[in-house]
Amino acid sequence: MPKTEAKISGARLMVELLEEYGVDIVFGYPGGAILPFYDELYKSTKIKHILVRHEQGAIHMAEGYARSTGKLGVCIATSGPGATNLVTGLTDAKLDSVPILAITGQVATNAIGTDAFQEADIYGITIPITKYNALIKSADDIARHFQEATLVALGGRPGPVLLDFPKDVQTELTSVRKVDKLKIDSRHYQKPPIGGDLDSFAAALNKAKRPLLYVGGGAINANASKEIRELAEKGNIPVTTTLMGIGAFPGTHQLSVGMLGMHGTAYANKAVLECDYILNLGARFDDRVAKPGEFAENAIRAHIDIDTAEFNKRVSVDYLLHGDLKEVLKALIPKVNKVDRPEWVGFLDTLKKNHPLEFDDSTDTIKPQGFLQKLYEKSKGKAIVSTDVGQHQMWAAQYYLFEEANRWLTSGGLGTMGYGLPAAIGAKFGNPKNTVICVSGDGSIQMNIQELATIAMYKKGVKILIFNNNFLGMVRQWQELFYEERFSESEWNYNPDFVKLGEAYSIKGLRISNKSEIDKALEFFLEDDDARILEVMIPAEEKVFPMIPAGKSQKDMIEFSDTVRAGKK
Amino acid sequence: MKHILKILVNNHPGVMSHVSGLFTRRSYNIDSIAVGVTQDSEISNMVIVVKGDDSVVEQVKRQLLKLPDVIEVEDLAYHDCISRELVLVVVKVEDSNRTEIISICEVFQAKIADLTKTTMTIEFSGNTRQVEHFLEMMQKYGIQEIARTGQIALKYRST
Ligand SMILES: Cc1ncc(C[n+]2csc(CCOP(=O)(O)OP(=O)(O)O)c2C)c(N)n1
């Protein structure tokens, strides 16, 4: 029987449950349909509410917070337009497996389905983009839905959940504060047992001459960095990571070959071609990395994942193990032989020397690659870095190395412009002592630039780096390479004065355009814990290399030196 | 290849969209879908028939199991399940062929559910092949309207 206690309102119960779960920060924006909840939040001493300027900002902040802390990220919006503003963020969190709880207000139950003022069927809208969602019809159901939702968000492969909360349910009284029995199966929140044959899996790995680890975002979610390092060092197995896996293995480690895929390093992509065994650890053979039928076609392919739906989804594998990556690796490592692989490791070292990341640094203009190298040195590779989407994102992935997980925040699956700034703010709330840098472009930054106000209001020392090429740079790059330089709608000749814009929010800024100014600018940028805007003017024609054209495979990679030879750099 | 998926789900509104959404996402055409409550009123049984290659159906099956409201998914092979579909069909009748149609119905054990001067509404249930066959027989008289339920299925029990 449910434990009977004095009755409280649905809204009060939601706040108490959030407190009980240790949620101490939420990001949101109020409105009519969620007012009873906000009224209860007002009374809470444990939960800090961060008022944003756009609900998309709220959910990306929750994502930045979740990804940098490993905790649940919570965001709040009102019904209708507030709720629909969360849609991009929910999709982003779904594709990148980020644990998010979104709470939305909804019109009163008797008005649902009538096209009432500010009504949107957010439950229906978010079915394909959440791991779990529910329209709560009675205050008596709140405790159960809340528990199910949070367990699902954090359990297994994490993801976003949404609870839609009609206004009358918020004011309805209930005495059901605890859950007797969950309706969902425990497989949705308990760690699965290890599935598959560890021995044959290990035996195949032990037979390999040129093995390679291919590490994805799942490794970070599973907190498996230590085990991956152990496995790599024990078997002397080189490691490449996906965009999402950056930081799961130290970027400076001798066995690291950096990122693979569309804009991965030449040596990582060549390693994929040369290896005879590739072990996927929590990655998903994403289409920016793997072309079905051609990916590591000469290698034995193996896969460890917590999500069985990822097995043989795009690329078929020879061996698979199901389970929590950390647990599986713990069981696997003792079965893996300790071996030196001087030839294979030496071969990759030579590749690294002969095919380094390259750019033309012969002019006085600032090259983003060189700038990011300097930023990496100056911040000692310790910063939490968020990015937006475009060339700057890829340069940051290539040139800023990470020693640890949870310090690289980027929208990998959805490629969401506008993610960077709010994600950085969320990360700063979660990690007040860390330097947090948002690397953005002049296009992306304008997608959620209103959140500068949130930075100013809460005095959050987020460092904002804007590479300004007066172009939607990545679009331009594709148009240059694949559309005969027809720059359809990718050039802008109007940007705001970003420095002055910052000043309008009392954020100090600086603009530089000459290489000689870099050192001073970086000093200004990183000198204290205040927010800063640094606008770096860069040439529009600068491109990201290497590049594997969309839909092609590792064999078709274009390197910087290829373009120099062709007289097209 | 045809697959009959038997899916046990929590009996909530919206679960149907969650489930069918997984098929539409992969632009998969559902041949038929039938839903009904089970002996436990909290749980519904969905039977979905799809054509598709095995690996994609396997994928969808695993995606289905990720939905919190999905309790169990089983891919029933045709030979080890009993499947039924109910069809109501309206055919044109004339004085000259009325007895002929009635005798065909007798052979098929189909029921005549309604009769007018010019039409006959017939109720027939059987597996998909039998339903197809029956409708083929009726074709010749002129079918005016059809309503089909979609397949339901259960596994054969072994004793
Ligand atoms: C919301 C959204 N709209 C459109 C795109 C397509 N897109 C990808 S990269 C890019 C250009 C980004 O330009 P900018 O932010 O200036 O960065 P740059 O590539 O110049 O570094 C665009 C438009 C996207 N990823 N996200």
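Order of the sequence lines fixes the chain letters, A, B, ..., with proteins taken first and strands second; residue numbering starts at 1 for each chain.
- In this structure, the separation between CG on B:L67 and CD1 on A:I184 is 11.5 Å, given to the nearest 0.5 Å.
- Interface with chain A: from residues 120-131 of chain B, no residue qualifies, criterion being any non-hydrogen pair under 4.5 Å.
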Between chain B and chain A: donor-acceptor pairs at under 3.5 Å:
unit_1, atom_1, unit_2, atom_2, d
B:H18, NE2, A:N133, OD1, 3.2
B:Q59, NE2, A:A309, O, 2.2
B:R62, NH1, A:T308, O, 3.1
B:R62, NH1, A:F311, O, 3.3
B:L65, O, A:R187, NE, 3.0
B:L65, O, A:R187, NH2, 2.9
B:K66, NZ, A:D307, OD1, 3.4
B:K66, NZ, A:D307, OD2, 2.5
B:V70, O, A:R187, NH2, 2.6

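- Residues A:V152 and B:P68 come closest through the heavy atom pair CG2-CG, 4.3 Å.
- Atom CD of B:E94 sits in a sparse spot, with 12 or fewer heavy atoms from other residues, nucleotides or ligands closer than 6.0 Å.
- B:Q109 CD: 12 or fewer foreign heavy atoms inside a 6.0 Å radius.
- Crowding of B:K155 atom NZ: a count of heavy atoms from other residues, nucleotides or ligands under 6.0 Å not exceeding 12.
- Each of B:L65, B:V56, B:V70 has some count of heavy-atom pairs under 4.5 Å with chain A, and the biggest count is that of B:L65.
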